[in-house]
Each structure stands twice: as structure tokens, then as C-alpha cells.
2 protein chains.
Amino acid sequence: MSLKMRYNIDHKSPVPLHAQAEQMLRELITEEEYQNGKNIPNEVDLAKMLAISRTTLRMAINKLVFEGLLVRKKRAGTKVATGAVSSKSNNWLSFSQEMKLRGIPIKNFELHVSWETPDISLAHFFDIKQDKPVLKMKRVRGRPEEPFVVFESYFHPRVGLTLDDDFKRPLYELLEQEHSVIATLSKEEISAISASKEIAEKLRVPVGSPILFRKRFVFDQGERPIEFNVGYYKADSFVYTVESRR
Amino acid sequence: MSLKMRYNIDHKSPVPLHAQAEQMLRELITEEEYQNGKNIPNEVDLAKMLAISRTTLRMAINKLVFEGLLVRKKRAGTKVATGAVSSKSNNWLSFSQEMKLRGIPIKNFELHVSWETPDISLAHFFDIKQDKPVLKMKRVRGRPEEPFVVFESYFHPRVGLTLDDDFKRPLYELLEQEHSVIATLSKEEISAISASKEIAEKLRVPVGSPILFRKRFVFDQGERPIEFNVGYYKADSFVYTVESRR
DNA sequence: AATCTGTTTATGTACATACATATTTGATTT
DNA sequence: AAATCAAATATGTATGTACATAAACAGATT
């Protein structure tokens, strides 16, 4: 059966032709042959088949190329990228959702929430007095069979979190929906350290093992501090990726 | 001074007009007024100013929109996304200069340059045949009294580096000035690993010590790969900082 | 003051067309 | 068999044109 028969484009629909073409391509490339590296039909033919202009078709392809789903090569044609789905900039800061995307089920091994008095540097970061208590959340998370990260978060009193909040929900969803706090900016510091006795225990590794250590300072739209967070990741369980441009 | 005066586009250059326009836009939007929310000139006018077609200009804008740097809104115009990165070009990627800034004198403990045959994944990244040799540079660097990082770099044959180049010069200065290669984009992966025997020896630490491991993929303006680089940093000697916004 | 209404404006969609260029393929010559 | 060269092919670049549409704006009406 020809492509034209299976995927045809409705010129009278209110949804733009390039969007229809994009959708059709998304479906097309799920097919096994394309997943295995077969070229999609060339632009000129495909445009003809769909009865749209090459320019319009190109808009659709461009989007998928930019998303990293397709790769183009001159003369060689266009095919599905090896390595599949990346889609980076979404899921900003959401650990659980990112893990879900990667197909890794997440289990909470421990979850403690308490009021603590901040140390001097935390009080300074939050710009509050040291006698003002802050909410601390500590979590041990990982795969069902083994934990691989220890998180400690401290929240600015301003955000209004209390012990009654449901910390099993995705954190940034909780902040946004229940407290109207939108995390917008994060400054992070990443380094490698040795596992302390406590961390080693929680992550079930020998004392002194390599740990990826991450400090994170989180701010809202007004660049006001809302969270201070540290994470201890078991080596090899986590890779941090960054893209930068000049 | 008009835009046309400051940013003009060379119709006879081998670099595509849309790429030139893209570059010009990237520079333009670092300016304070645009960072503060002022619309960029509208497409019709801007195209006229740059003496390119609106279609071509649109290709450039599209790319920045996809990247999340610009947001378009009908009738309202196009402006810099709230909180988009200004990413100043200070010391981008230059290890030695950054260390200098921090007041840390740097010594090269080892420096080897050689031609190597790429492994399969490197050949794939560079998009070359495996029998094509690539230049490899290996360095051990650190404070005068102790090394703290091992670097291994592989360069795409296209950049034209040879054993005759002066690798004691800052690398990106060398690339830019002697080979007209401008590193523009880097994708990095950071993780923690244990020191192998070789790395442990070079960094003068026990085997199994924590190491901050960084892979870096470097691209030029045309997003063509130019360098693959890995770094092994002694724990506590190096902190990686990132700032990200949404 | 609030609401409706038409106008204006900048982006959004879509087409036909043309030539450039990288890469493969195959034919030709050495 | 190896090297050279030419053709074919799919993407890449670029233009000019046209009309659609959402949102902002301004003026008239309630």
C-alpha cells in the first residue's frame, strides 16, 4: 500500500499542512523498517505524494531533525537517528519524570521531612535569621533493587511548605500547583567526592567509594532563593549532561 | 547606528546567508535592551535591512526559537525568551585561562601528541572511516606541586592540526588563529568514576579513588564535530559549575 | 467606565521555482 | 587493479509572492 493511501493530508482541515505532515512522519518512523535505518522517501517524491510543496514538507522534517529524531545527509537521504529520543530541555529539574522517560522505575527508600535551624551559610543564602526554622526534606531514591542517590533539600520559609504537604508528588509540581512557586533558575556545582560513612551506608557501597556530588541553588522568577539542595549520586549511576554555546 | 551598519551580511561568502543571519541574531540578542524584553525588528523590515528574503531570515529565527532563545507571538513580535542565556564569551572552554583567573598557576606534567586510528564510536562521531588517522593529544596538568587532571583530546582531520603545531599555546587560540576553526558548541557528560591504575598513577592517588570524569563533544559554527575530549579530575580539585534557566 | 467593533500589524502558512553542493555510482582511462 | 572523471541524486540554499490569522489598538457605542 502506498504512503499516499495510508497517510493523506487534508487540505481543508484547519490544522496546518506542515503540522499534519509532521504528525504523519512521526507515525511513519515508528515502523520497523525505518527504525532499522531505511531512508524515508526523498523530499521531492514525498511532497508529491502528500500533495504539498517541498517547502512545507521541509518545515515538518526540520522540526523532527531539530528534535534529533531524524538525520539528514546530502545525497544519502533522511533517516531515523540512531540512539533515538533525547528531548532535553523539557522536564527541567524533575528527577522522577526524567527517570520515567528513560524507563527507569524509581523507588523512594527513605523520606524524612522536618523543621531544622539553618546553619550560617544557609541562612545567608536564604537571607533569613538563623533562628528562623526551615523545612528540610531528605530522600534516598533509586531503582527498586538498589538506591543510587541521597538528596537533601532545604526550602525557604517563603514558599510555604509544611509537614502537611504531600512530598510523594513530583516536587516542582507540588511547588507550582500548591504554592505558586515557579523554579526558574538553578546554579549548580558538581564535583567528585569519597563516600562518607553515612552516605556509604545509605547507598550500600564501601566507605570511600566515588560519589558524584551536586549542590544546587534554586531561584524563582524574581531571582529570589527558594531551595538549596545537595545530591550524592553513586558512581556510574548518573551522568550529568550540559550543552553550552558561545 | 543602524543594524544594517553593524551587522551586515556577505552575499559572496561561502557561509550560508541564513547561518550568517543566525549568528548576527545571536550577537544582537546579547544586548541589554533585547535581554530586557524589547522586540527584535520585525521580519519584513529585518529581512530588508539585511538584504535577504524573509524566508531566509525565518530559517535563522526558527532555529533560535527551536532552541528556546526567542519566542514569537503573533502581532506582538519576537523577543528574547524570559531568562534565556546570555552566555558571555569569556574564557569559554579555556582551561588554562580560567585557572589563571583563579590565580592557580598551571604546569604541564606530560604532553604527548600522536596519530591514532579512531575506535568505532569516535569514527562515528567524526563521521569518518576508521582507517583515517586522527590526531590525539594527551596531557597531564595541574599545580606545580601536583597534577590534578588528565586530558585526552582527539581532533577531526578537517581542522588540520599536525605534530608541527605548537601545543603549548592555549588550545582554542591555536585552533582559531592557526586553523580558522572556531569552537562554538560543546556537549558534555559528567560523572564520577573510580581511578584506574593508569589514571591513579598519573594523578598520584590510590587506585579506586574518586575521579570526576568529563566527556566533551565540541562543534564548530556549522555544528560539525571538531574535537572529542575526556578529562579525569582528581576529586576535590575541581568543581564544575552550571547555570540554567527555563 | 465598559463593551463592542473594525483596523492594523507582525507572525503564520503555503506555493512554485531555481540553482548549489555533497556523495554515490558507474563508466572510462591509465 | 587503480585512478580519474562524469552523471545522477537527494538534500541545501535562496527568492518572490500571496493570503491567513491572532493580538493589539483605537475609536465608537452602550
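The sequence lines fix the lettering, A, B, ..., with proteins before strands; numbering per chain opens at 1.
With sequence neighbours left out, A:Phe151 forms a ring-ring contact (aromatic ring centres under 6.0 Å, His included) with A:Phe95, A:Tyr233. Evaluation of the side-chain hydrogen bond (donor to acceptor under 3.5 Å, both in side chains) rule for B:Thr78 yields no partner, not counting sequence neighbours. Under the side-chain hydrogen bond (donor to acceptor under 3.5 Å, both in side chains) criterion, A:Glu43 pairs with A:Arg54, A:Arg58, A:Arg72, sequence neighbours left out. Scored by the ring-ring contact (aromatic ring centres under 6.0 Å, His included) test, B:Phe126 finds B:His156 as partners (sequence neighbours excluded). A search for salt bridge (charged side-chain N to carboxylate O under 4.0 Å, His left out) contacts involving A:Glu178 returns A:Arg169, not counting sequence neighbours. For B:Ser13, there are no side-chain hydrogen bond (donor to acceptor under 3.5 Å, both in side chains) partners, not counting sequence neighbours.
We find that CG of B:Asn39 is positioned 11 Å from C1' of C:dT11, with the value rounded to whole Å.
Screening residues 156-167 of chain B for salt bridge (Lys or Arg N to Asp or Glu O under 4.0 Å), with sequence neighbours left out, gives no hits.
Here chain A contacts DNA chain D (any atom closer than 4.0 Å to a heavy atom, that is under 4.0 Å), and the contacts span D:dA8 to D:dT13 from 5' to 3'.
Of the charged side-chain nitrogens involved, none lies within less than 4.0 Å of a carboxylate oxygen, so that B:Glu110 and B:Arg139 do not count as a salt-bridged pair.
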Nucleotide N/O to protein N/O under 3.5 Å, stretch nucleotides 18-24 of chain C:
unit_1	atom_1	unit_2	atom_2	d
C:dT24	O2	A:Arg75	NH1	3.3

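Within the 4.0 angstrom heavy-atom criterion, only backbone atoms of the sugar-phosphate kind lie near A:Thr56; the bases stay farther away.
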